[in-house]
J.: 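Pasting a structure here, questions to come.
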Amino acid sequence: MRIAMIGTGYVGLVSGACFADFGHHVICVDKDKDKIAALERGVMPIFEPGLGELVEHNFREGRLKFSEEFAEPVRDAEAIFIAVGTPSRRGDGHADLSYVYTAAREIAAELDHFTVVITKSTVPVGTGDEVDRIIRGLRPDINVAVVSNPEFLREGAAIRDFKHPDRIVVGTDDARAKDVMAELYRPLYLNAAPILYTGRRTAELIKYAANAFLATKITFINEIAELCEKIGADVQEVARGIGLDNRIGTKFLHAGPGFGGSCFPKDTNALIKTAQDHAVPLRIVEAVLAVNDVRKRAMARKVAAAFGGKLRGKTIALLGLTFKPNTDDMREAPSIALVIALQDMGAKVRAYDPAGMEQAKSVLNQVTYCDSPYSCAEDADALVIVTEWQEFRALDLDRLKQIMACPVLIDLRNVYRPEDVVRRGFLYDSVGRPGPISIVDQPVNRLAPAG
Ligand SMILES: NC(=O)c1ccc[n+]([C@@H]2O[C@H](COP(=O)([O-])OP(=O)(O)OC[C@H]3O[C@@H](n4cnc5c(N)ncnc54)[C@H](O)[C@@H]3O)[C@@H](O)[C@H]2O)c1
């Protein structure tokens, strides 16, 4: 099939490359000329494992092309995906749909035969109706079917998620559109990934309900983690103890510094706004967002607790800045609130991230960037693991102890076992487990680091 992918960001590029890999002919369109030029030279605009090879292979085979022009790709296509951004709108936090509606108008201008227009961007309920209205209003001469097909891929595992989805959600009542969608996803369907056909509005809501539920799970375990710290329980064991119940499941039960990223914060916010507009406030989701916001900044107090609550003049070294490993995406990363809170308390911040430092530079001020975990830790008063990149899982603790000014490790992802760290002479604190602890005195008072 011939596909035009409007918007070549995370979702557009990954989906476009995967559809091309299935054998379809895809043109990825984007207004960002530099991005298109870079892609044509084989330079990826984002860090995503396996993406460079996938793009290069399909580009070479002639199935994947890039363009800054709308006209030809849209006119030729049998299916047009809208995969542009839907960021939080300034002012009220609802989804900003201006990019989606602009794309709809631009598509309408070029259509010349029956085409299926598919919204892959995450959009509030009713957006498909509006896209439909825009296109039919501008082009009453052309028949279109506007379909909702939300995307569930996760950054860092995007290609695997696209090629092995738990389900494919297709929101349309149009029989011809259903056939086109079945053909587009046929390779996955043959692999038994279920296609769920629903109404358009239902499909739009499924995406938001899924993200809100996952955000709720994370926030639930984060609150349980806080309780664990106060009562001497271990959140890792609680999470396992509840997660092994099939009705609950083990995923998204990892306590940490709060959720971030390009989706959960903005999507929970947009869902709350949609619900308020319909006078059905979603109080659980509202609480999730509020609890999460407070939590990110509260992580700075956890660092300060190791120093009796005072950080003025201390040097704090952060490992990991991106909102999760295997991405360079800094959108709404918990590290942003943490860095600002540490600086507000008078600390100097150093940081190392394997992929996110370039992006971080545009959102964080007065941070010293380092080129390895060890150069970051040098002369630091505390080392804080913020993102659980693989390379932070087996740090040489003896070496760290020698080069740091104080052997203090604050592990916001529970990567280490407390006894292993403490045995090496560190003062150690983590999330949802008793702490801070040191060999001197377990648990220690929160006044000063050991060693
Ligand atoms: N990033 C994720 O993990 C993820 C996962 C699932 C769903 N989504 C959703 O997918 C959508 C896209 O997200 P993203 O992270 O890929 O965004 P992004 O910001 O990385 O990319 C959007 C791209 O669209 C381009 N664009 C905007 N208007 C355009 C137009 N009229 N014509 C051509 N190009 C245009 C921009 O230049 C940009 O390159 C959002 O609604 C998001 O919520 C994202």
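Heavy-atom basis, side chains included; hydrogens, waters and symmetry copies ignored. Note that ligands are numbered from 1 as they come in the structure, with each ligand's atoms numbered from 1 the same way.
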J.: For atom 34 (N) of ligand 1, which of the options Glu151, Glu155, Lys31 provides the nearest non-hydrogen atom?
T.: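 The nearest heavy atom belongs to Lys31.
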J.: Under a plain distance cut-off of 3.5 Å, with no hydrogens placed, do Tyr10 and Thr327 share a side-chain donor-acceptor pair?
T.: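 Looking only at side-chain atoms, Tyr10 and Thr327 do form a donor-acceptor pair, the distance falling under 3.5 Å.
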J.: Less than 4.0 angstrom from a charged side-chain N to a carboxylate O is my criterion; do Arg200 and Asp173 meet it?
T.: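 So Arg200 does not pair with Asp173 through a salt bridge.
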J.: Would you say that more than 12 heavy atoms from the other residues, nucleotides or ligands in this model lie under 6.0 Å from the CZ of Arg90, or not?
T.: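 12 or below, so no.
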J.: Quick check: does Asp30 get an N/O under 3.5 Å from an N/O on ligand 1?
T.: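 Looking only at distances, the answer is yes, because the N/O contact criterion of under 3.5 Å is met.
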J.: Indicate every side-chain donor-acceptor pair of residues 93-100 with a distance under 3.5 Å to a residue at least two apart or in another chain.
T.:
{"unit_1": "Asp96", "atom_1": "OD1", "unit_2": "Ser98", "atom_2": "N", "d": "2.9"}
{"unit_1": "Asp96", "atom_1": "OD1", "unit_2": "Ser98", "atom_2": "OG", "d": "2.7"}

J.: How does Lys207 reach ligand 1, by side chain, by backbone, by both or by neither, if only non-hydrogen atoms under 4.0 Å count?
T.: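 Within the 4.0 Å criterion, Lys207 contacts ligand 1 through side-chain atoms alone.
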J.: State whether the side chain of Ser15 and the backbone N or O of Gly12 hold a donor-acceptor pair below 3.5 Å, judged by distance alone.
T.: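 Such a contact is absent between Ser15 side chain and Gly12 backbone.
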J.: Please list, in number order, the atoms of ligand 1 under 4.0 Å from a heavy atom of Thr86.
T.: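 Here the atoms of ligand 1 in question are 40 (C), 41 (O), 43 (O).
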J.: Which of these, Val100, Val14, Val11, Asp267, has its nearest heavy atom closest to atom 8 (N) of ligand 1?
T.: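 Among Val100, Val14, Val11, Asp267, the closest heavy atom to atom 8 (N) of ligand 1 belongs to Val11.
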J.: Could you tell me which atoms of ligand 1, counted from 1 in the order shown, lie closer than 4.0 angstrom to a heavy atom of Ala83?
T.: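 Those atoms are 12 (C).
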J.: Any idea which atoms of ligand 1 are less than 4.0 Å away from a heavy-atom of Gly85?
T.: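 Those of ligand 1 that fall under 4.0 Å from Gly85 are 22 (C).
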J.: Around atom 28 (N) of ligand 1, find the nearest protein heavy atom and jot down its residue, atom name and distance.
T.: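 The protein heavy atom lying closest is Val84 CG1, 3.5 Å.
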J.: Look at ligand 1 and say whether Arg154 reaches it with a heavy atom at a distance under 4.0 Å.
T.: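 Per 4.0 Å heavy-atom rule, Arg154 does not contact ligand 1.
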J.: Taking Thr202 for its side chain and Thr198 for its backbone only, find out whether a donor-acceptor pair lies under 3.5 Å.
T.: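 Not a single qualifying donor-acceptor pair exists.
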